[in-house]
Amino acid sequence: MKQDIRKAIFPAAGLGTRFLPATKASPKEMMPIVDKPMIQYGIEEALACHINEIVIITGKHKRSIEDHFDYSVELETNLKKSGKKKLIEEINKLNRINIAYIRQGYALGLGHAIFRAKPFVRDEPFAVILSDDIIPPEETLLKDMVRLYKDLKCPILALEKVPMSEIHRYGVIDGVKEHDGVFRINNLIEKPDAENAPSDMAIIGRYILTPDIFDILETSKPGRGGEIQLTDAIRKLLKTRQVYGFLYKGKRYDAGDKFGYLKATVDFALRNPELSKAFKAYLLEVTRRFRA
Ligand code: G1P
């Protein structure tokens, strides 16, 4: 049966200020978690859900993203000469997908980035994946959301309960539980202070949206931080249709933050068969050293 969600938008035009100076001339999305750039984890997650049409919203200094998902004849020739067939297969694995690139121009916010994808998405429902929220490959968050969309036919936002001390970093919802893990959203606020937050349920970087969001984004004014916010546009959408939240209880790494990035690196290194044994021993040694 044909799947409803075939397309995904990856906003990747942000300035990456939290990682300066590393991101001065190279994209945050290309920072590696062990041996893969951050954005590749998100793309593999989309492919695992049979979402095969990808658009990446890029900007200045982001050309290496395009090069990463392209063939590199020079590299291939060299690897061939040294008989590294497995590595060739690994680097070419993702070249076969259909990725479109749209430049954002001015980085005016997440809502603006999503609006730029309108000609690609047209009139279909679609997924949005924020690649600095890394979900381990064994988790089924996006799959569950795609499945839920089949029933609900309404926008769905991934939610996570976060400590109130961190709530100011997220879009936050007010909602009523409909059934297990599924909430009807009544309101949402972008990055509220803990005192004004309507709940402890934060929006995390996986969305399923419907194309009516584009009409709202087209006329959206800047909100929090002077940026055109996706959260504000979804709040407006509530006037015309139901929006749902799906509460995620699995593991997520906020790799857009230095501490989260380090946690992701350590955990992914521990699960890497080539590294895990030596790395575990090293971590134990470091812990002992710091305890002493
Ligand atoms: C964006 C959204 C925010 C959401 C967050 C999830 O914020 O604007 O609503 O909670 O992603 O990661 P950003 O992290 O880009 O500032």
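For ligands, and for the atoms within them, numbers begin at 1 and follow the listed sequence. On a predicted model such as this, the values are computed, not experimentally measured, just so you know.
On a distance-only criterion, Leu110 and ligand 1 share no N/O pair closer than 3.5 Å. Residue-to-ligand polar distances keep Tyr170 apart from ligand 1: every N/O pair is separated by 3.5 Å or more.
When all heavy atoms are compared, the tightest approach of Leu108 to Gln104 is N-NE2, 3.4 Å.
Heavy-atom distances between Lys191 and ligand 1 reach below 4.0 Å in at least one pair. Not close to ligand 1: Leu230, with no non-hydrogen atom less than 4.0 angstrom away.
Shown are Thr23, Asp132, Thr17; of these, the side-chain hydrogen bond (donor to acceptor under 3.5 Å, both in side chains) with Lys28 is made only by Asp132.
Using a 4.0 Å cut-off between a side-chain N of Lys or Arg and a carboxylate O of Asp or Glu, Lys251 and Glu139 do not qualify as a salt bridge. A salt bridge links Glu138 to Arg271: at least one charged side-chain nitrogen sits closer than 4.0 Å to a carboxylate oxygen.
Protein heavy atoms are found less than 4.0 angstrom from atom 12 (O) of ligand 1.
Residues Tyr261 and Phe19 place their aromatic rings such that the two centres sit under 6.0 Å apart. The ring of Phe214 has its center closer than 6.0 angstrom to the ring center of Phe126.
Contact atoms of ligand 1 toward Gly171: 3 (C), 4 (C), 9 (O), 10 (O) (distance under 4.0 Å to a heavy atom of the residue). Atoms of ligand 1 lying under 4.0 Å from any heavy atom of Asp133, numbered from 1 in the order shown and given with element: 6 (C), 12 (O). In the vicinity of Thr231, heavy-atom distances shorter than 4.0 Å reach the ligand 1 atoms 9 (O).
With a heavy-atom cut-off of 4.0 Å, Leu130 touches ligand 1 through its side chain alone. Residue contacts with ligand 1, taken as heavy atom pairs separated by less than 4.0 Å, do not involve Asp254 at all.
A donor-acceptor contact shorter than 3.5 Å is absent between the side chain of Lys7 and the backbone of Ala127. Side chain of Thr240 to main chain of Leu237: a donor-acceptor pair is present (N/O by atom type, distance under 3.5 Å, no hydrogens or angles).
Within a 6.0 Å sphere centred on NZ of Lys24, heavy atoms belonging to other residues, nucleotides or ligands number 12 at most.
Across Arg206, Glu190, Arg252, Glu160, heavy-atom proximity to atom 3 (C) of ligand 1 is greatest for Glu190. Of the candidates Val172, Ile203, Leu159, Leu157, Ile203 brings a heavy atom nearest to atom 6 (C) of ligand 1.
Among all non-hydrogen protein atoms, the one lying nearest atom 14 (O) of ligand 1 is Arg18 NH2, 4.2 Å.
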